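Read through the structure below, which is laid out as structure tokens, and then see the notes.
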Amino acid sequence: MKFAVLASGNGSNLEAIIDALRKKKIKGTLQVVFSDKENAFALQRARKAQVPVVAWRDPKACKDRAAFDRALVKFLRQEGIELVVLAGYMRILSPVFVRAFRNRIINIHPALLPAFKGAHAIRDAFKAGVKVTGVTVHIVDEEVDHGPILAQAAVAVTPADTLASLEAKIHKVEHRLYPEVIGELVKGKKGDK
Ligand code: GRF
């Protein structure tokens, strides 16, 4: 199965996916890494692993989100993409994108959804003083940080934790959980390498 990773930032989850591909824990093909940020570190990681990368600046001609997403859908279809993996992709997907890849877009979120949606989930959970938070992998629908949950893993917050130590614990769990889920999704599909 051919899949794409969409990333805007650091790309540590992408790195974990690339590692799992190398170890054959994911038996699919990472066809392309796409970014809306030309200087995303995720792109450097992909290039280093010799994964094709494509980056588009949010071009002025494509100011409107739907137009950008229509062009992206076209591109991903041309690439034969069957699964879209969001890994720190900071653009909200427009309905046009969600419809085009219905049930074939997944996301990882650093909290136990439906708790702590949004871009600062780890910090928000830490500030709220929860004793347990975690990681969620879910199918993406039209709502932000929402859709059928595929997997969750809990992370305990101890009195000794700082925001930084909690972030580190959550990312470690992400890097295990996301490749596992992707491995399951692509398993047994024809055309796997
Ligand atoms: C992760 O914490 C992920 O849960 C969230 O964005 C972050 C991306 O990190 N959606 P990275 O770019 O994979 O390092």
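Both counts, for ligands and for their atoms, begin at 1 and track the order of listing. What you see is a predicted model; the values in this text were computed from it and never measured.
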Would a distance-only check, ignoring hydrogens and angles, find a side-chain to backbone donor-acceptor pair under 3.5 Å from [X] to [Y]?
X	Y	value
Ser35	Lys37	yes
Thr136	Gln152	no
Thr162	Ser165	yes
Arg70	Val96	no

Check each atom of ligand 1 against the heavy atoms of [X] and keep those under 4.0 Å away; list them by number with element.
X	value
Asn10	12 (O), 14 (O)
His171	2 (O)
Ile108	3 (C), 4 (O), 5 (C), 10 (N)

Considering only the protein, which heavy-atom contact is closest to [atom], and what is its distance?
atom	answer
atom 9 (O) of ligand 1	Asn13 ND2, 3.8 Å
atom 6 (O) of ligand 1	Gly88 CA, 3.6 Å
atom 3 (C) of ligand 1	Glu174 OE2, 3.2 Å
atom 14 (O) of ligand 1	Ser12 OG, 2.5 Å
atom 12 (O) of ligand 1	Gly11 N, 2.7 Å

* Asked: Does one hydrophobic cluster hold both Leu14 and Phe41, with members joined at side-chain heavy-atom distances below 4.5 Å?
  -> no

* Asked: Under 3.5 Å, N or O to N or O, is Ala87 touching ligand 1 that way?
  -> no

* **Flag if over 12 foreign heavy atoms under 6.0 Å of CD, Gln78** => yes

* In terms of side-chain geometry, is the basic nitrogen of Lys23 or Asp19 positioned less than 4.0 Å from the acidic oxygen of its partner? -> yes

